[in-house]
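The sequence lines fix the lettering, A, B, ..., with proteins before strands; numbering per chain opens at 1.
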Amino acid sequence: MPELPEVQTIVDDLNKKIIGRRITGVWFDAPKLIKKPKSKDFEKEIKGLKIIEIRRRGKNILIYLEKCHMSGVKCQMFLLLVHQKLTGHLLYGKWRTIKVSRFKSLKVKSLIRGSLEEKVNNYIHLIFYLDNGWQLGLSDLRKFAKVLFGPKKEIEKLPDLTKLGPEPLDQSFNLSVFQSAILKNKGKIKQVLMNQEIIAGIGNIYSDEILWQAKIHPFRLANKLIANELTNLYSAMRQILKKAIKLRGTSISDYRDAEGRPGAYGKILKVYQKENKPCRRCRTLIKRVKMGGRSSHYCPKCQKI
DNA sequence: CGATTCCCCTGATAGC
DNA sequence: TGCTATCAGGGGAATC
């Protein structure tokens, strides 16, 4: 599931590949993914716009586009927001749609990277055609992803962006800001870390890894953490997120970078999906418990309640 | 208002 | 072998 490091990896990749490209067309077979505008208007509204910049906010990919009138004198900014949720990811590549049956309008996508390979990718549900012959495709096995598009100012006003908490890696998000943000909550620390309105970008994988590193039990109440623990938690959070970005993310589920390659952080995971494996510090077996419908992994010895 | 549950969706896995 | 039931999981909506 793409969290901050995975989304950052994709954003960095895309910034190297699609800046300045113009969208020449759109194809999709899962209209429910497009939340704004109405899916039938989507292509009409985005066609012809030029990609200016890609950014990340929390787990959201923000693609800024420009529409110019009067031969470039007057320009208007637009924003395409993609949230990949569990299994979505944006890919840069080439696909073609194939009619499988002449009775059904069901289509399969063939992936062609240059002329190197050709294989079916059943999970491409949205394709943006670019003016260099390449495409930006949204692959999503679970179809949970969401796509929003509209004038920049309009999209920026939506709760999808306005409700997000601070960026954990921002310079201004220092230890004291972090401490007060955490201490305001009486919920369990794991859920607080994953709450996008408190801190943006941390999900199930990295919250488990951060808590293990900081030796804090996921069930501990946020407002009961002591100063020393908050210091450890803060530095674990910064350290792990930075390292995960360096390693281009974790390939749990079917996460891939913009070129379809897996990330390397998965190799150094300490607790996530390590149930019954020995803790890397004390050899005690890692436990997995359910918490609000999500699984939580921790070492029962290192992370005391 | 806050906390909990349901739901979206589909591949993997378990049970029969 | 093949069917059905269950589960995972981000986040928004509905419900308690």
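Annotation: side chain of A:Gln179 is not in contact with side chain of A:Tyr234 (no heavy-atom distance under 4.5 Å).
Of the possible polar contacts, one joining the A:Glu229 side chain to the A:Ile226 backbone as a donor-acceptor pair under 3.5 Å is found. Using modelled atom types, no side-chain atom of A:Arg280 and backbone atom of A:Cys282 make a donor-acceptor pair closer than 3.5 Å. Listed for the A:Gln84 side chain is a donor-acceptor partner under 3.5 Å among the backbone atoms of A:Leu90.
Between A:Tyr123 and B:dC9 there is no side-chain N or O to OP1 or OP2 distance below 4.0 Å. When the side-chain nitrogen and oxygen atoms of A:Thr87 are compared with OP1 and OP2 of B:dT10, none of them lie within a distance under 4.0 Å.
Residue-level contact check: A:Lys188 touches neither bases nor backbone, having no heavy atom under 4.0 Å from any strand. Within 4.0 Å (heavy atoms only), A:Lys290 reaches sugar-phosphate atoms of the nucleic acid but no base atom.
For A:Phe78, the ring-ring contact (aromatic ring centres under 6.0 Å, His included) partners at least two apart in sequence or on another chain are A:Phe149. Applying the ring-ring contact (aromatic ring centres under 6.0 Å, His included) test to A:Phe144 and every residue at least two apart in sequence or in another chain returns nothing.
Following rounding to the nearest Å, A:Leu33 (CG) and B:dC7 (C1') show an atom-to-atom distance of 16 Å. For the pair A:Met291 CE and B:dT4 P, the interatomic distance rounds to 10 Å; values are reported in whole Å. Atom CG in A:Leu141 sits roughly 11 Å away from atom C1' in B:dA12 (whole-Å rounding). For the pair A:Glu275 CD and C:dA8 P, the interatomic distance rounds to 10 Å; values are reported in whole Å. Taking atom CD of A:Gln191 as the reference point, atom P of C:dG9 lies 14 Å away to the nearest angstrom.
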When you compare the protein's N or O atoms with those of nucleotides 10-14 of chain C, which come within less than 3.5 Å of each other, and at what distance?
from, atom 1, to, atom 2, distance (Å)
C:dG10, OP2, A:Arg294, NE, 2.9
C:dG10, O3', A:Lys59, NZ, 3.4
C:dG10, N7, A:Arg294, NE, 3.3
C:dG10, N7, A:Arg294, NH2, 2.1
C:dG11, OP1, A:His83, NE2, 2.7
C:dG11, OP2, A:Lys59, NZ, 3.1
C:dG11, N7, A:Arg294, NH2, 3.1
C:dG11, O6, A:Arg294, NH2, 3.1
C:dG12, OP1, A:Lys146, NZ, 3.1

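When each of A:Arg142 and A:Gly187 is assigned the nucleotide of DNA chain B bearing its nearest heavy atom, the one mapping closer to the 5' terminus is A:Gly187.
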